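Remember, predicted model here, so these are calculated numbers, not experimental data.
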Amino acid sequence: MTSRLSGVVSQARAEARARREELGAQLANPGAVADRLREEAAAAAESPLAYDQILSLALRDAAEPPDSTAAALKLLAPPDPIEQLALRREVFTWTGADVLDLDVRMAAAHEARRGASRIGRDPATLALYLRRAAVLNRELWDHPAIDADPPRRAAMLAAVEALETWADRIERVPPDAAGPRRSPSPRLTLVQSEHRGDAR
């Protein structure tokens, strides 16, 4: 996990630095640049996609002085098992599953579009991209370094199934087709039941 996650963290940090440079060219005031980066970090933190959660930390880091401790790098350290267990319990006792359904479906569709823009629309390649995104969500939904509340963590966990379902459907699409037009509608309650054993 560490080497794969390290690569994703590096990618997010590079994207955040590029965004800081872009804003620096647009805004003359460094304080305004930092404020904009923090706003974008807060927006990314609302996403149920693990990459966006990492990007949120990286954007927050980019808004701080260079000598500040990088929040994104904390993802590379092994999580505290006690903190992790507490977070899992909070997620599994949260009961707002219906509210998250649309968020999860939209997030899976967004990740599919993002993957297509980054790596192209080859079904096998895009399906692999989505499966890796699902793995990242599975590994990070309960990580203490992620700045997400229980509903957002619950959505991250539910998004694992949604991303895998998209990958399955894309693999069945002919290479010259545009891809799936509708996202699946996974239910968080089903995902909860599958993962309750992990939380104990």
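A salt bridge between D147 and R60 is present, with a side-chain N of the basic residue lying under 4.0 Å from a carboxylate O of the acidic one. R131 has a carboxylate O that lies under 4.0 Å from a charged side-chain N of E171, or vice versa, which qualifies the two as a salt bridge. Taking the charged nitrogens against the carboxylate oxygens, R89 and E83 have no contact shorter than 4.0 Å, which rules out a salt bridge.
From R17, atom CZ reaches atom CG of L59 across 11.5 Å, with rounding to the nearest 0.5 Å. Of the inter-residue distances, the one linking Q26 atom CD with E21 atom CD reads 12.5 Å to the nearest 0.5 angstrom. Here the CD atom belonging to E111 is positioned 14.0 Å from the CE atom belonging to M106, to the nearest 0.5 angstrom.
V91 and L87 fall into different hydrophobic clusters, defined by Ile, Leu, Val, Met, Phe, Trp and Tyr side-chain heavy atoms under 4.5 Å apart, directly or through other members. In the hydrophobic clustering of ILVMFWY residues, with side-chain heavy atoms under 4.5 Å counting as a link, L76 and V135 come out apart. Hydrophobic cluster membership is shared by L157 and L5, with clusters built from Ile, Leu, Val, Met, Phe, Trp and Tyr side chains linked at under 4.5 angstrom.
Under the 4.5 Å side-chain criterion, counting only non-hydrogen atoms from C-beta, R114 is in contact with R118. Side-chain atoms of E164 and L130, non-hydrogen and from C-beta on, never get closer than 4.5 Å to each other. Taking the side chain as every heavy atom from C-beta outward, L140 and Q53 never approach each other to under 4.5 Å. Two residues are said to be in side-chain contact when any heavy atoms from C-beta on lie closer than 4.5 Å; L27 and N29 fail this criterion.
Within the 3.5 Å criterion, the main-chain N or O of L73 finds no donor-acceptor partner in the side chain of R13. Checking side-chain atoms of R153 against main-chain N and O of I146 turns up a donor-acceptor pair under 3.5 Å. In terms of modelled atom types and a separation under 3.5 Å, the side chain of N137 and the main chain of A159 share no donor-acceptor contact.
Remark: D142 pairs with Q84, R88 by the side-chain hydrogen bond (donor to acceptor under 3.5 Å, both in side chains) rule, at least two apart or across chains. For R20, the side-chain hydrogen bond (donor to acceptor under 3.5 Å, both in side chains) criterion is met by no residue, not counting sequence neighbours. Residues satisfying the side-chain hydrogen bond (donor to acceptor under 3.5 Å, both in side chains) criterion with T125, sequence neighbours excluded, are D122. For P65, the side-chain contact (heavy atoms from CB on, under 4.5 Å) partners at least two apart in sequence or on another chain are D67, S68. By the side-chain contact (heavy atoms from CB on, under 4.5 Å) test, V8 pairs with Y51, I54, L136, sequence neighbours left out.
A71 and D61 make their closest contact through N-OD1, 2.7 Å (heavy atoms, listed as atom of the first residue, atom of the second, distance). Listed here is the closest heavy atom pair of E90 and P150: OE1-CG, 3.5 Å. Contact between L75 and A145 at its shortest, heavy atoms only, is CD2-CB, 3.7 Å.
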For residues 38-48, which side-chain N or O atoms pair as donor and acceptor with protein atoms under 3.5 Å away, sequence neighbours left out?
unit_1	atom_1	unit_2	atom_2	d
R38	NE	E64	OE2	3.4
R38	NH1	D35	OD1	3.3
R38	NH2	E64	OE2	3.4
E40	OE1	R19	NE	3.0
E40	OE2	R19	NE	3.0
E40	OE2	R19	NH2	2.5
S47	OG	L49	N	3.0
S47	OG	D52	OD2	2.8

Intermediate values then yes/no, side-chain contact (heavy atoms from CB on, under 4.5 Å), R138 and M156: CA-CA 8 Å; R138 184 181 291 112; M156 290 178 68; over 6 Å; no

